[in-house]
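Chain naming here is simple, since letters A, B, ... match the order of the sequence lines and numbering starts at 1 in each.
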Amino acid sequence: MLNFFKNKTSQLPDFWDRYAKSFENKISEQIDDLTFVVLDTETTGFDFSKDRILCIGAIKLKNQQIEIKNGFEVYVKQDVYSNETAKIHGILKNDPEALVSELEALEQFLNYIENNILIAHHANFDLTMINNALLRHNLPALKNKYLDTSDLFKKTLIQSNLLNKKAHYSLDEIADKYAISKKDRHTAMGDAYITAIIFLKILFKLREKKAVTLKQLFK
Amino acid sequence: MKNTISQRVADFLKNYPPFNGLKNSVLQSLSEEVTIIYKEKDSIVFSEKEAGHDHFYVVHKGAIALAKAGITTIVDLCDEGDIFGLRPLMANENYELEAKAQEESILYAIPIEIFKPLALENKAVGNFLIESFASNTRNPYSKSHRGKLYSENTADVEVTNSELKLLDLQNVPYSKKIISCSPRTTAKKIAELMTQKKIGAILVVKEKLPVGIITDKDLRNKIVTGQFPITTAASKIMTSPVITYPKTLTVTQAQMAMMKSNISHLCLTKDGTPNTKAIGILSKHDVMVSLGNNPAVLIKAIKRVKKIKSLKPIRSSIMELLKGYLADNIPMTIIAKIISELNDACIKQVISLSLEKMKTPPPTNFAWLTLGSQGRSEQMLHTDQDNALIFEDVPEELLPKTTEYFLEFSNLVTKKLNYIGYEYCPAEMMASNPQWCLSLSEWKKTTSHWIINPGTDEVLLSSIFFDYNAVYGDTSLATRLSDHIFYTVQKYPIFFVHLAKGALQNPSPTGFFRQFLVEQDGAHKDSFDVKNRALRPLTDAARVLILSHHIKSINNTSERFEKLAELEPNNREIYLACSYASKALLKFRTKQGIAHNDSGRYINLDTLSKEEKIKLKRTFKTIKEIQELVTLRFQLKSM
């Protein structure tokens, strides 16, 4: 996994070790006993190499409950900035609201997520963004297992030749479908919340048909 | 920590008592402590006798039913913004009622530890807790307990206002939007206004005080008879003085007042005398609605609905009506007719409200079709919505725009239908799907393709179009489409063979030893699928048989069998048995659905009595016989 030489030259910070160590504890196999971390990021754009994370929002979901005070929201100080995406998320460059450095944000984030399963909508995007940030600070990629609500949603649709499934379902489309209020859309935490509710609804839909194990969700 | 979600919670709570009495900063910090809980339909929040939780609950989305365990009557139904489970926590007692999610719900759980000091400190909150405000109820389920924080203890004799225990003593809901005219307005103007506003009475107001009332009856007796010309001023024909009451009038009082003075409308004023401003008008109709359930009243209520939200309580009333009918053992044919009439009226209203929401009127004629069980008038409970839209052909260059318009429109309608309780169709068989929202010639093309290339899917699809019901718009579009389908089917008789084959593909209800066959796995493991194993075979058989007789105007399964009995006297007995069986099974399913608040499709066999099981099994024999008949008729054995 880790390059031996690299490991020697650059000692990984303590917070990473703590994070990596948390994986020594096995997580439960029962969906209702698990804590899921549902997250979303706001970024300066969609280019994995050029663009940067402006905000990470996440909430913890356990046994169909979300404790608000256990939410996670961090705004990141960045030099890269785009006026185009600012129109979407409304985060101004160096917004005074509790800005922290990227490394500090990653530290807080890793402390928060520990070994829990991550959930995001189009998870690949958010996780690649985070992994690239980790890489910039010479840190390895995230070790967590993750679920993508866009993929899970497709499992709720009937298997039928009569139905043309789309390759992707956007957060807006699914939120509309499930009549979830789209207030706070395009704030990282607001989107994380919408994603969490979508995940719960999907789980319910799937369970209605058949008992669902964690393994099946990852299939 | 203040964050986006706590902000969202605070924004919601501030709209509802007692939180609206809290200072913003206090509400903020309270919201930060909230836990958001997702409850699946039918899951329990707390059960009777359970020790109090650390939290009480506010309904954010959905509905929670409070009931005594073991008794099916719901004591209270809490919806958005309602609080429940607080009283036992304040009094350090166990829960007296069971709280169960009536539908999928999202709850905000507020820690009592943090809320209690607020309640004691803040007068507005404290007062709210003491006051019972059952008076503003419109909920048919609630006898008297709705909205009262202290109400969860049914045995509680301390209920501050013991009067509130009777339904009839509730304050009556009245229309607050008063339509009025001046004493000088002409009769013609008044009639126009009343027609436009769809009201039966108008208040005559002078300097904001009510001086008289004019009803339909006044217009009939005084104008239409020729006694007065239509240019007569209101003051000449109005009934005066107006009979006024305070707004705290109860349902019973209102009824008595109307009977006493033999009038159909009461005027409610600020202090109850004609010397203060009128604040509302109360019609006999309002009284009827609050008294309860009667199809005529409900239809009227549906047609008057201006906001989708008001359809929800009406839908619950329809369910109450259905329950009453089933309990009274009224024949299923009649029940089915009335209930589907009411359901159709709801859908119609949803469609016309959606049309009003569109920026422009429809570019051309269209018809809204309900398909499947709804199309066959067999949908009693809230099941999935299956629908489609046909619009009149337009010149090719206009087609994309027209399609776009109707798709947007259909999206609106399906969303609203979902809101009032129709689940989305999991197979996307809905007009909001571009494949189900087509012009007439596009539909003709699609259906021809299905009929000429009858694979399993195609047969299934085209069969849907034999069971439609055009509920709204230009029904001739639908007729033209089915004419086309019939014409095509005649040319490809092999289609019937496929249709018949499809009708025999349902899983068998009983095994070799005549035992019930139950589901092997999944959430419904060990329960009996009455839809697929019993109702479907009958529906499918009825369809293929009636179509082979070229009869297309009958959709209902039991009616189809009755018609078949008439057409084929030698098979009369078996057809009548089928007709009976389909009614019996429908009733079975409906009762099960009501008992379990679901679609009634899966039956837990342990809950059936011996007699019910025998009844159910008797219908299986009929199913077997009709399937044999279909096999012979279409010579499926030799294929």
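Between B:Phe84 and B:Phe56, the distance from one ring center to the other does not fall under 6.0 angstrom. Taking the six-membered ring for Trp and the full ring otherwise, the centers of B:Phe12 and B:Phe19 sit at least 6.0 Å from each other.
Within the 4.5 angstrom heavy-atom criterion, only side-chain atoms of B:Ile106, from C-beta onward, approach chain A. For chain A, the nearby part of B:Lys61 is the side chain; its heavy atoms alone come within less than 4.5 Å. A:Ile194 touches chain B through its side chain: at least one heavy atom from C-beta onward sits under 4.5 Å away, while N, CA, C and O do not. Heavy atoms closer than 4.5 Å to chain B are found in both the backbone and the side chain of A:Lys201.
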Exercise. Where do B:Glu428 and B:Gln435 land on the side chain to side chain donor-acceptor pair (under 3.5 Å) test, with the steps shown first?
Worked result: CA-CA 9 Å; B:Glu428 297 269 330; B:Gln435 289 165 286; over 6 Å; no
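Nearest heavy atoms, B:Trp443 versus B:Ala388: CZ2-CB, 4.0 Å.
Using a cutoff of 4.0 Å between basic side-chain nitrogens and carboxylate oxygens, A:Arg207 and A:Asp32 are scored as salt-bridged.
The most heavy-atom pairs under 4.5 Å with chain A, out of B:Asn411, B:Thr414, B:Thr35, B:Asn418, come from B:Thr35. Of the listed residues (A:Asp176, A:Asn63, A:Ile197), the one with the most heavy-atom contacts under 4.5 Å to chain B is A:Asp176.
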